[in-house]
Protein chains: 2
Amino acid sequence: MPDQLQLDATTAARLFKALGEPIRVELVGLVRRTEGQEACFCDLADQFDMPQSSLSHHLKILVQAGVLSRERRGTWSWYRVDNAAIDTLAQVLAPGGPLRDSSACCD
Amino acid sequence: MPDQLQLDATTAARLFKALGEPIRVELVGLVRRTEGQEACFCDLADQFDMPQSSLSHHLKILVQAGVLSRERRGTWSWYRVDNAAIDTLAQVLAPGGPLRDSSACCD
DNA sequence: GGCTTGGATTGACATTCGTCGATCCAGTCT
DNA sequence: AGACTGGATCGACGAATGTCAATCCAAGCC
């Protein structure tokens with residue numbers, strides 16, 4: 001990936017911003033480690049002591065950024081981690097990526 | 001709720017937030033790809049068409065978050081990428097990390 | 001000393017963002 | 001149909017953030 005850094009920066013920043021809040025990092029982590037890689041809203045609500053509307057708001061931001069995907073199955077909403085988005089950021093931060101020196105691996 | 005993740009989430013979110021702006025992603029990338037892994041303010045100012053105070057502000061945020069480090073050498077300020085910070089995020093996003101399924105690599 | 005330059009800090013402003021109660025909507029059950 | 005439930009959306013509020021001009025400070029030069 002050469003210097004289309006301009007475009008990548010916008011994309012990466014959008015994803016980074018979505019993860020720029022501790023609760024949202026925890027949410028993504030929780031969904032990720034849930035059996036089947038997906039969790040319903042009710043499960044997540046049990047884990048966090050915050051109003052339901054706040055939780056829904058943070059999930060919406062993650063969905064809008066493309067970090068999570070939402071699917072309504074019957075009564076419940078299910079959330080999954082979009083691995084492509086995580087992969088995008090991982091590549092940006094990986095050794096040799098735009099933000100990381102290729103020679104500075106795991107010091 | 002996983003308490004060990006709590007601490008990590010706060011740290012990770014602080015770094016993510018610092019990178020949650022396109023200009024700052026570009027700044028880090030520019031510093032990283034500069035000869036010697038460090039760039040002075042004047043070099044960076046040449047690359048971006050924005051007021052000097054704005055640029056300084058964004059750099060300060062990156063420094064405060066620990067993504068960049070600043071060193072005043074004589075008249076000029078030099079910036080370097082803190083590889084430990086980038087490494088922290090890379091590990092969070094790496095396959096097997098808190099946000100990434102170990103089995104879901106590059107689907 | 002006074003002048004100039006690189007760049008950090010300040011202050012004001014508008015915008016965005018997080019928080020949370022209140023409301024609304026879609027499924028489900030009776 | 002009406003009642004109930006899971007969750008999304010709305011609205012208001014305060015706090016944080018980006019932008020930029022103006023100012024200030026330190027280092028070099030006359």
Side-chain angles (χ1 to χ4, degrees), chain A residues 6 9-31 34 36 38-81, chain B residues 1 6 9-31 34 36 38-80:
Chain A
Q6 185 100 1
T10 303
T11 303
R14 188 165 44 87
L15 295 171
F16 280 137
K17 181 183 281 188
L19 292 171
E21 200 78 7
I23 303 166
R24 295 201 284 261
V25 174
E26 295 189 45
L27 276 172
V28 176
L30 237 159
V31 172
T34 302
E38 66 181 0
C40 77
F41 184 90
C42 48
D43 289 338
L44 299 173
D46 288 341
Q47 315 276 337
F48 295 94
D49 186 22
M50 64 164 30
Q52 166 264 326
S53 61
S54 298
L55 189 58
S56 184
H57 173 238
H58 287 294
L59 286 167
K60 182 180 184 180
I61 289 180
L62 287 168
V63 169
Q64 285 179 334
V67 178
L68 295 183
S69 64
R70 164 164 42 204
E71 185 188 355
R72 304 199 66 160
R73 282 208 291 274
T75 308
W76 295 281
S77 288
W78 293 83
Y79 291 89
R80 284 195 309 114
V81 177
Chain B
M1 135 168 39
Q6 183 102 0
T10 303
T11 303
R14 188 166 43 87
L15 295 171
F16 279 137
K17 182 183 283 187
L19 292 172
E21 200 80 5
I23 303 165
R24 296 203 283 263
V25 173
E26 294 190 45
L27 278 172
V28 175
L30 237 160
V31 172
T34 302
E38 66 181 358
C40 76
F41 184 90
C42 49
D43 289 338
L44 299 172
D46 287 341
Q47 315 276 339
F48 295 94
D49 186 23
M50 65 164 29
Q52 166 265 325
S53 61
S54 296
L55 188 57
S56 184
H57 173 237
H58 287 294
L59 287 168
K60 183 180 183 179
I61 288 180
L62 288 168
V63 170
Q64 285 179 335
V67 178
L68 295 183
S69 63
R70 162 162 46 202
E71 185 187 355
R72 302 200 67 159
R73 281 207 293 274
T75 307
W76 295 280
S77 288
W78 293 84
Y79 291 88
R80 282 195 308 113

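Any value given below was found using the heavy atoms of this structure, including those in side chains, with hydrogens, waters and symmetry copies removed. Every chain is numbered from 1, with letters handed out A, B, ... down the list of sequences.
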On a heavy-atom basis, which atom in [X] and which in [Y] lie closest, and how many Å separate them?
X: B/E26; Y: A/A9; result: CG-CB, 3.3 Å
X: A/L15; Y: A/A65; result: CD2-O, 3.2 Å
X: A/W76; Y: A/C42; result: CD1-SG, 3.9 Å
X: B/L44; Y: B/A39; result: CD2-CB, 4.1 Å
X: B/G20; Y: A/K17; result: O-CE, 3.1 Å
X: B/P22; Y: A/A13; result: N-CB, 3.3 Å

Integer-rounded Å distance: [N] [atom2] and [X] [atom1]:
X: B/W76; N: D/dG28; atom1: CH2; atom2: P; answer: 9 Å
X: A/D43; N: D/dG6; atom1: CG; atom2: C1'; answer: 12 Å
X: B/F41; N: C/dG6; atom1: CZ; atom2: P; answer: 11 Å
X: B/L59; N: D/dT19; atom1: CG; atom2: C1'; answer: 15 Å
X: B/L55; N: D/dG18; atom1: CG; atom2: P; answer: 13 Å

Could you tell me whether A/S56 contacts a base, only the sugar-phosphate backbone, or nothing, with contacts defined as non-hydrogen atoms closer than 4.0 Å? base
Rounded to the nearest 0.5 Å, how far apart are OG1 of B/T10 and CZ of B/R14? 9.0 Å
So, with a heavy-atom separation below 4.0 Å from DNA chain D, the residues of residues 61-69 of chain B are B/I61
Please confirm whether the backbone N or O of B/S69 pairs with a side-chain atom of B/R80, one donor and one acceptor, at under 3.5 Å? no
Using residues 50-64 of chain B as the side-chain source, report each donor-acceptor pair under 3.5 Å to any protein atom, sequence neighbours left out, with the distance given to one decimal.
residue, atom, partner, partner atom, Å
B/H58, ND1, B/R24, NH1, 3.1

Looking at [X], I'd like to know whether one of its side-chain N or O atoms comes within less than 4.0 Å of OP1 or OP2 on [N].
X: B/K60; N: C/dA8; result: no
X: A/Y79; N: D/dG7; result: no
X: A/K17; N: C/dT16; result: no

For DNA chain D, stems built from three or more consecutive Watson-Crick or G-U wobble pairs below 3.5 Å: C:1-30 with D:1-30
Where protein sits on nucleotides 19-30 of chain C, one letter per nucleotide: B base, S sugar-phosphate only, - none, heavy atoms under 4.0 Å: BBBB----SS--
Would you please name every residue forming a ring pair (Phe, Tyr, Trp, His ring centres under 6.0 Å) with B/Y79, sequence neighbours left out? none
Apply side-chain hydrogen bond (donor to acceptor under 3.5 Å, both in side chains) to A/E71 and list each qualifying residue two or more places apart in sequence or on a separate chain. A/R73
Taking only the side-chain heavy atoms of B/R70 (C-beta and beyond), determine which of C/dA8, D/dT9, C/dG18 contains the nearest atom. C/dA8
